[in-house]
Amino acid sequence: MRLLPNVPVSYVFRNIWTRKLTTALTAGGMALVVFVFAAVLMLDAGLKKTAVSTGSAENAILLRQSAQTEIQSGVSRDQASLIETLPGVARGNGGEPQVTKETVVLTAQNKRGTTKPANLVVRGMPQLGLAIRPQVKIVDGRLFKPGSSEIVVGLGVVNAFDGVAIGQSLRFAGREWTIVGHFDAKKSGYDSEVWGDVEQMMQAFRRTAYSSVIAHLEDAGRFETFKAAIAADQRLALDVKQEPAFYEEQTKALSGFLFWLGLALSIIFSVGAMIGAMITMYASVANRTREIGTLRALGFRRRSILVAFLLESMLLALLGGLVGLFFASFLQVFTITTMNFTAFSQLAFGFDLTARIVLNTLIFAAVMGFVGGFLPSVQASRLEIVDSLRAA
Amino acid sequence: MNLVEIAHLTKSYRRGGQVVPVLMDLSLEIPQGDFLGLMGPSGSGKSTLLNLIAGIDKPDSGTLLVGGEDITKLGEADLADWRASNVGFIFQFYNLMPVLSAFENVELPLLLTSLTKRDRRERVETALELVGLADRMEHYPNELSGGQQQRVAIARAFITDPAIIVADEPTGDLDRKSAEEILGLMRRLNSELGKTIVMVTHDPHAVGSAKHVTHLEKGELVRSQT
Ligand SMILES: Nc1ncnc2c1ncn2[C@@H]1O[C@H](COP(=O)(O)OP(=O)(O)OP(=O)(O)O)[C@@H](O)[C@H]1O
Ligand SMILES: [Mg+2]
């Protein structure tokens with residue numbers, strides 16, 4: 001059944017195809033906007049992916065109440081010991097609780113090729129810290145020895161900083177720390193960290209309390225039990241979150257910033273692209289006035305003309321959208337290293353093109369086509385037949 | 001029986017603030033199966049009258065019955081549907097869609113019917129054969145001569161089997177030989193398929209194909225001849 005007797009789609013398609021130069025220019029403008037739009041969404045998605053993959057749902061992270069980040073947090077040794085006794089905490093073969101007490105400190109180091117120092121996250125942990133983070137693997141060298149001034153650095157650090165080869169050393173907290181290994185944290189936030197023995201670090205940084213405690217749970221489903229036990233104990237004035245939720249919150253500010261930046265850029269650019277589409281479509285209507293009159297004389301209704309021109313404009317925009325997406329997909333090879341201003345640390349993340357972004361981007365393109373083509377299409381449908389047949 | 005019955009038809013255009021009367025109290029009857037030639041000096045209102053009969057323009061007053069139906073009473077959308085099934089158009093400059101092939105151009109009016117794709121194909125092929133362009137179906141208008149384009153337009157005009165075919169100077173842009181082919185086809189549409197045709201023309205040679213000729217001067221019919 002046909003809802004509306006419409007001008008054949010081939011007519012619409014071929015008119016776009018015939019005007020190659022105008023089509024290329026108009027679609028090119030659209031492609032540019034779509035590229036920016038998709039890039040920002042991809043960046044945001046990459047950021048989220050990094051944040052979420054930094055953590056595991058089986059790990060519960062405990063911070064001092066209302067501390068936003070590990071840097072601001074403090075967990076006393078007594079509190080840390082209490083946590084080991086709580087229900088839901090996984091135990092090792094010897095019955096030892098799978099809890100890692102960690103200290104997180106910022107230190108400034110020079111980035112490669114600059115003399116400007118950038119923040120580097122230094123994390124002290126027991127050796128168990130590596131075991132409860134299965135996504136992290138030592139890819140070069142070995143893990144630090146307990147009780148030593150040895151450290152391992154993430155690949156993100158290796159790529160961005162000088163002097164971090166195995167055998168070299170970093171100087172912070174008044175000590176030289178020898179690098180004995182590199183680890184790959186699969187592009188998670190840990191990739192931008194330096195890890196060493198927790199007790200050594202606490203001495204060097206003159207700390208008496210841990211920054212955070214991570215309890216590895218028997219399984220993710222035990223989290224609520226564990227959380228309830230913490231709430232029930234007056235001595236544990238701590239916030240507890242599953243790691244993925246925690247790390248996603250860490251990037252909220254940056255993500256929000258990206259979102260608004262992307263939105264602002266896309267809106268400004270899209271106005272240009274829509275005006276471009278509008279000019280193209282007005283020209284298209286003007287050039288085909290006699291065709292429009294003929295179609296109407298043959299019995300096509302005003303509505304069919306409106307739909308045909310709207311479709312033309314939207315297809316043009318979708319074409320631009322596909323081109324823009326095509327180029328945006330190459331962004332996935334790049335990695336962005338930036339300051340995460342919630343955690344005050346370096347954060348490396350990539351562009352991630354998801355199916356959802358493809359869909360949203362194409363919808364965005366189609367909407368631009370619709371808006372840009374609206375007035376010209378209305379004009380085309382309002383033409384009087386006899387007037388348009390008289391047109392040259 | 002009259003296919004078209006026009007009574008007291010008036011039509012004027014507004015140009016600037018001025019009202020320009022084009023047709024004044026015009027009455028005319030066109031019998032079923034007629035081939036009417038409409039002549040007259042430039043600006044006399046021939047095209048205006050033809051457009052009114054074809055339902056692409058609206059009169060100011062008067063009645064205009066085609067096949068017993070007063071088309072002046074039809075609304076915009078109904079009139080479009082009425083044209084789709086009742087009128088075939090032949091224009092001076094052919095007015096084919098440049099991006100569509102000869103086949104697709106002829107098929108265009110059939111898209112407004114409920115015919116299946118296969119039925120449409122069959123009809124289009126028959127029509128193009130009738131105008132002698134069976135071997136040019138996949139050609140685009142810019143690959144055809146003026147005369148060939150006008151033959152495609154003729155196929156498009158009768159493809160829906162309309163009650164009436166209107167032609168505004170159908171040979172105006174053609175050389176002698178092509179014009180003769182076109183007129184021959186129109187005579188066949190009239191005699192073999194029984195189509196009622198109204199043709200506006202300046203060309204005294206072309207008007208020879210018509211069964212009747214009517215002269216229009218300053219918006220009024222001055223004389224008719226057979
Ligand atoms: N859409 C319009 N707006 C204003 N004036 C018009 C319009 N259509 C026709 N006219 C005027 O109406 C008069 C009759 O025009 P029409 O086209 O019917 O003449 P015609 O007999 O077909 O002339 P020709 O032989 O040159 O084609 C002319 O003065 C013309 O300028
Ligand atoms: Mg005329």
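Predicted model, so just to flag it, every value in this text is computed and none were measured. Proteins come first, then strands; the chains are lettered A, B, ... in the order of their sequence lines, and each starts at number 1.
Applying a 4.5 Å heavy-atom cutoff, the residues of residues 363-387 of chain A that approach chain B are A/Ile385, A/Val386.
When every heavy atom of B/Leu112 is checked against every heavy atom of A/Gly299, the shortest pair comes out as CD1-C, 3.5 Å. B/Phe91 approaches A/Ala297 most closely through the heavy-atom pair CZ-CB, 4.4 Å. B/Arg83 and A/Arg296 make their closest contact through NH2-O, 2.9 Å (heavy atoms, listed as atom of the first residue, atom of the second, distance).
Heavy atoms of other residues, nucleotides or ligands lying less than 6.0 angstrom from CZ of A/Phe327 number 12 at most.
To the nearest 0.5 angstrom, A/Leu389 atom CG is 7.0 Å from B/Asn51 atom CG. Taking CG of B/Leu79 as the start and CZ of A/Arg301 as the end, the distance is 11.0 Å to the nearest 0.5 Å.
Only the side chain of B/Tyr140 comes within contact range of chain A, with at least one heavy atom under 4.5 Å from a heavy atom of that chain. Within the 4.5 angstrom heavy-atom criterion, no atom of B/Glu107 approaches chain A.
The shortest distance between side-chain heavy atoms of A/Glu291 and B/Pro98 falls below 4.5 Å. When side chains are defined from C-beta on, A/Val7 does not count as touching B/Met97, because their heavy atoms never get closer than 4.5 Å.
No option in B/Leu108, B/Asn95, B/Thr160 other than B/Leu108 meets the side-chain contact (heavy atoms from CB on, under 4.5 Å) test with A/Leu298.
By number of non-hydrogen pairs under 4.5 angstrom with chain A, the leading residue of B/Pro109, B/Gly88, B/Ala77 is B/Ala77. Ranking B/Asp57, B/Leu96, B/Asn86 against chain A, the residue ahead of the rest is B/Asp57, based on heavy-atom pairs under 4.5 Å.
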